[in-house]
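Data block below; observations after.
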There are 2 protein chains.
Amino acid sequence: MAKKKSEFENPYEEKCSIVYAMSLIGAKWKIPVLWHLAHYEILHYNELKRHLKGVTNTVLTRCLRELEQDSIVLRKSDGSVPPSVTYELTDLGKELIPALNGLYKWGDDHKTNASKI
Amino acid sequence: MAKKKSEFENPYEEKCSIVYAMSLIGAKWKIPVLWHLAHYEILHYNELKRHLKGVTNTVLTRCLRELEQDSIVLRKSDGSVPPSVTYELTDLGKELIPALNGLYKWGDDHKTNASKI
DNA sequence: ACTTTAAGAAACAAAAAAGTGCGTACTTGT
DNA sequence: ACAAGTACGCACTTTTTTGTTTCTTAAAGT
């Protein structure tokens with residue numbers, strides 16, 4: 001019941017901004033989501049879902065909610081009855097693109113001289 | 001026993017190099033490890049461990065082994081009896097630094113206009 | 001002599017993340 | 001009239017990742 005961890009130290013507090021960044025976008029499906037939104041600019045929920053084949057509603061919704069709360073994606077819904085909702089990157093989300101490109105390039109280089117998983 | 005997933009499609013195969021990159025460096029302690037090795041250039045096992053306060057032997061060792069196998073860090077050991085082992089980034093590891101800086105910067109910017117977790 | 005330090009390893013437990021299956025409410029297509 | 005599509009939400013279960021404990025060998029410090 002008593003939390004032991006916080007009595008010791010949290011290795012992440014304040015220290016490393018990358019770790020902080022990864023806590024926001026490091027979940028399994030978040031980077032794919034961001035990647036697709038970066039390319040298509042604006043997508044409906046189910047469009048996005050089809051692009052990311054394999055993701056389930058629960059997981060995708062969770063990702064999107066979190067990204068929305070962190071102001072990385074923007075959700076737009078007209079309140080229409082067969083719902084119509086779109087997602088796009090916010091400015092903050094767009095600022096991530098160069099960093100993602102850096103990782104992409106590195107991953108790409110490494111993939112070529114190793115076997116792809 | 002029968003694997004169902006590969007009959008459908010694996011959303012990650014070949015598609016996104018960032019996801020591949022994250023599969024190599026996305027574990028909780030890997031980025032901190034890389035970060036410290038980038039700054040100090042060369043560190044003994046226990047030095048590194050002290051820098052990353054909070055990590056345990058098992059976890060740190062696992063990280064280092066994996067990073068080593070992926071040619072991101074280099075382990076150097078003289079076979080001496082009270083062991084002396086150092087770790088440093090390989091060239092491949094060093095190529096990651098710009099990408100990490102990108103994430104760092106983004107994380108840093110975001111931290112300033114939001115509360116740090 | 002006994003503890004500390006060096007650099008881990010193996011077995012196991014806990015926590016976190018991801019995934020499953022089904023339900024909702026209303027509309028358009030057949 | 002009935003199925004299908006839109007955009008999810010809830011309650012779980014499963015899988016994956018992390019962390020804990022204890023152990024090792026041998027030398028140097030107190």
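Throughout, protein chains are lettered first and strands after them, A, B, ... in sequence-line order, and every chain is numbered starting at 1. Just the heavy atoms: all of them, side chains too, but no hydrogens, waters or symmetry mates, feed the values below.
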With respect to the phosphate group of [N], does any side-chain polar atom (N or O) of [X] fall under 4.0 Å of OP1 or OP2?
X     : N      : value
A:N46 : D:dA7  : yes
B:W29 : D:dT17 : no
B:R50 : C:dA6  : yes
A:K49 : D:dC8  : no
A:K28 : D:dT16 : no
A:H44 : D:dA7  : yes

From [options], nucleotide with atom closest to [X] side chain:
X     : options               : result
B:Y87 : C:dG8, D:dA7, C:dT27  : C:dG8
B:Y45 : C:dA18, C:dA7, C:dA11 : C:dA7
B:R75 : C:dG8, C:dT27, D:dA7  : C:dG8
B:N57 : C:dA9, D:dG5, D:dC8   : C:dA9

| Is any N or O donor-acceptor pair between the side chain of A:T58 and the base of D:dC8 shorter than 3.5 Å? |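 For A:T58, whose side chain was compared with the base of D:dC8, there is no donor-acceptor pair (under 3.5 Å).
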
| request: Could you tell me whether the side chain of B:T56 has a donor or acceptor atom within less than 3.5 Å of a complementary atom in the base of D:dT18? | output: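 It does not, because no donor-acceptor pair links the side chain of B:T56 to the base of D:dT18 below 3.5 Å.
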
Would you kindly give the [atom1]-to-[atom2] distance between [X] and [N], to the nearest whole Å?
X     : N      : atom1 : atom2 : answer
B:H51 : C:dA7  : NE2   : C1'   : 16 Å
A:D78 : C:dT27 : CG    : C1'   : 13 Å
B:E66 : D:dT18 : CD    : P     : 9 Å
B:K30 : D:dG19 : NZ    : P     : 13 Å
A:L60 : D:dG9  : CG    : C1'   : 13 Å

| field | Heavy-atom pair of closest approach, residues A:S77 and A:R75 | value |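 Taking A:S77 first and A:R75 second, the nearest heavy atoms are CB-NH1, 3.8 Å.
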
| How far apart are the closest heavy atoms of A:H36 and A:L48, and which atoms are they? |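 Smallest interatomic distance, heavy atoms only, reads CB-CD1, 4.1 Å.
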
| For B:V59, which contact category applies under a 4.0 Å heavy-atom criterion: base, sugar-phosphate, or nothing? |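 Base contact.
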
| task | Ignoring hydrogens and angles, state whether a donor on the side chain of A:K111 or B:S17 is under 3.5 Å from an acceptor on the partner side chain. | result |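 Side chains of A:K111 and B:S17: pair found under 3.5 Å.
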
| request: Return the 5'-most residue of the pair A:R62, A:P83 with respect to DNA chain D, ranking by each residue's nearest nucleotide. | output: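 It is A:P83 whose nearest nucleotide is closer to the 5' end.
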
| query | Distance from B:R62 atom CZ to B:L67 atom CG, nearest 0.5 Å? | reply |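 Reported to 0.5 Å precision, the distance equals 13.0 Å.
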
| Evaluation steps, ring pair (Phe, Tyr, Trp, His ring centres under 6.0 Å), between B:Y40 and B:H51 | CA-CA 10 Å; B:Y40 294 96; B:H51 280 294; 4.3 Å; yes

| message | Go nucleotide by nucleotide along DNA chain C from the 5' end; which of A:G26 and A:P82 gets its closest nucleotide reached first? | response |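 Nearest nucleotide further toward 5': that of A:G26.
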
